[in-house]
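Data block below; observations after.
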Amino acid sequence: MSDSGFTTQTVHFGHRNDAQHGAVHAAVHPSTEFTYHDAHQLAAVFQNRQKGYTYARTGTPTTAALEAQVTAMEQGNGTVAFATGMAALNAVFFALLRQGDHLIASKYIFGNTNSLLMTLENFGVELSLVDATDAAQVQAALRPNTRMVFVETIANPGTQVADLQTIGALCQAHKLVYVVDSTLSSPYLRRGRDFGASLVVNSLSKHIGGHGNALGGAVTQTGLYDWADFPHIYPQYQKDDSHTWGLLQIKKKGLRDMGGTLSSDVAHRIAAGAETLGLRMNRLCGNALALAQALERHPLVERVQYPGLVSHPQHQRATELFQGLYGGLLGVVLKEHVDVFAVLNRLRVAALATHLGDNRTLVLPAAHTIYYEMGAERRALMGIPDGFLRISVGIEEETDLINDFTAALA
Ligand SMILES: *Cc1c(COP(=O)(O)O)cnc(C)c1O
């Protein structure tokens with residue numbers, strides 16, 4: 001199985017693991033607590049000497065099945081699932097970083113993550129926001145107390161493509177934890193381990209779940225990082241192979257202490273959605289490229305930001321990294337005199353909604369919604385003008401989408 005294709009592995013993953021019933025989906029376990037006939041066994045599970053479940057805040061067999069599925073997709077050595085992508089990111093930062101540490105992050109990132117990093121700064125973590133499309137800028141920001149580098153594969157919403165591989169090599173040379181948020185590309189376009197990532201974060205709410213009916217997040221450990229080189233792993237998590245310590249700490253701190261836990265019901269929904277990740281990505285990436293090309297030619301459009309366009313500054317890099325697919329997100333900047341709200345109100349197919357990676361095409365005036373709270377200055381830093389539309393392209397018929405936007409702009 002391990003040498004077969006992405007979708008073959010994904011759809012056959014579940015039932016290969018249920019020897020008892022041959023069920024094709026993992027059972028949905030509703031129990032909050034798990035009991036043991038022998039108290040020694042109960043203690044052994046609590047002490048991590050034996051595998052098992054204790055209280056559903058730290059996981060159930062259903063969330064474990066989803067974690068195994070994501071681990072297989074990313075070809076990592078383990079995954080922890082969370083209630084949302086933001087819970088996953090919180091767990092990574094707060095479980096691993098301490099006051100006085102230095103974090104280098106791309107300045108082109110999801111607005112809520114940007115906001116989270118500001119909170120982290122208030123806890124005494126030093127933060128440098130750099131243009132991560134240029135690895136030299138990451139290099140220049142290094143300090144003796146730098147512990148971690150954080151980037152998005154394809155940035156939400158500007159679609160900048162970080163210099164993922166060079167930054168990976170840099171992190172390896174300096175023994176830094178390299179965290180890659182792979183939400184916009186998903187493991188289908190490329191696995192985080194190929195960039196040298198230590199940890200890969202995926203919002204399962206987006207492409208992996210795919211249907212706009214479930215929130216979830218995941219942190220996958222690639223196994224490339226040796227946590228013996230990281231100064232903040234608590235002694236109790238320094239057990240067995242040192243390439244596994246970090247994720248154990250993320251699980252203990254992020255799930256047990258912080259409580260951002262995914263429920264079994266939702267884990268099942270995400271696992272079912274994940275089966276068609278490859279099909280949906282092929283379709284929506286094709287739609288996105290066609291729509292990007294059509295909108296780029298439109299006289300009312302100032303510019304289109306999409307890695308699949310030759311005009312995109314990192315088009316060449318994206319082509320090499322993602323093998324001819326460029327994701328589903330477009331940034332479309334309308335000409336200054338165009339009434340953004342009037343255009344949006346004339347759309348008949350695309351839905352006005354936040355979210356991305358859905359089957360449906362969704363559109364949002366970014367500066368007026370998700371980037372409103374951070375203010376004009378920070379928006380300018382991140383390259384989000386007032387006329388910026390974030391379009392998350394879905395799986396509809398291509399001509400319906402092009403016609404919808406063309407009519408709305410007419
Ligand atoms: C949406 C998103 C998140 C957060 O995921 P949620 O599941 O919505 O909490 C994190 N990173 C990126 C790049 C995202 O687009």
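Both counts, for ligands and for their atoms, begin at 1 and track the order of listing.
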Q: Around atom 7 (O) of ligand 1, find the nearest protein heavy atom and jot down its residue, atom name and distance.
A: S205 OG, 2.6 Å
Q: Could you establish whether G357 and ligand 1 come within less than 4.0 Å of each other, counting only heavy atoms on the residue side?
A: no
Q. So, does L215 sit close enough to ligand 1 that a heavy atom of it is under 4.0 Å from the ligand?
A. no
Q.
Classify the ring geometry of H368 against F341: parallel below 30°, tilted from 30° to 60°, perpendicular beyond 60°.
A. perpendicular
Q.
I want to know if ligand 1 touches T113 in the polar sense, i.e. an N/O pair below 3.5 angstrom.
A. no
Q: Quick one: sort the Y225 and F230 rings into parallel, tilted or perpendicular, breaks at 30° and 60°.
A: perpendicular
Q: Any atoms of ligand 1 less than 4.0 Å from a non-hydrogen atom of L356? List them with their elements.
A: 15 (O)
**Q.** ligand 1 N/O within reach of M86 N/O, cut-off under 3.5 Å
**A.** yes
Q | Distance from atom 11 (N) of ligand 1 to nearest protein heavy atom, with residue and atom | A | D181 OD2, 2.7 Å
Q. Does a side-chain heavy-atom distance below 4.5 Å link V393 with L401?
A. yes
Q: State whether the shortest distance between N or O atoms of E152 and N or O atoms of ligand 1 falls below 3.5 angstrom.
A: no
Q) So which heavy atom in the protein is nearest atom 14 (C) of ligand 1, and how far is it from that ligand atom? A) K206 NZ, 3.0 Å
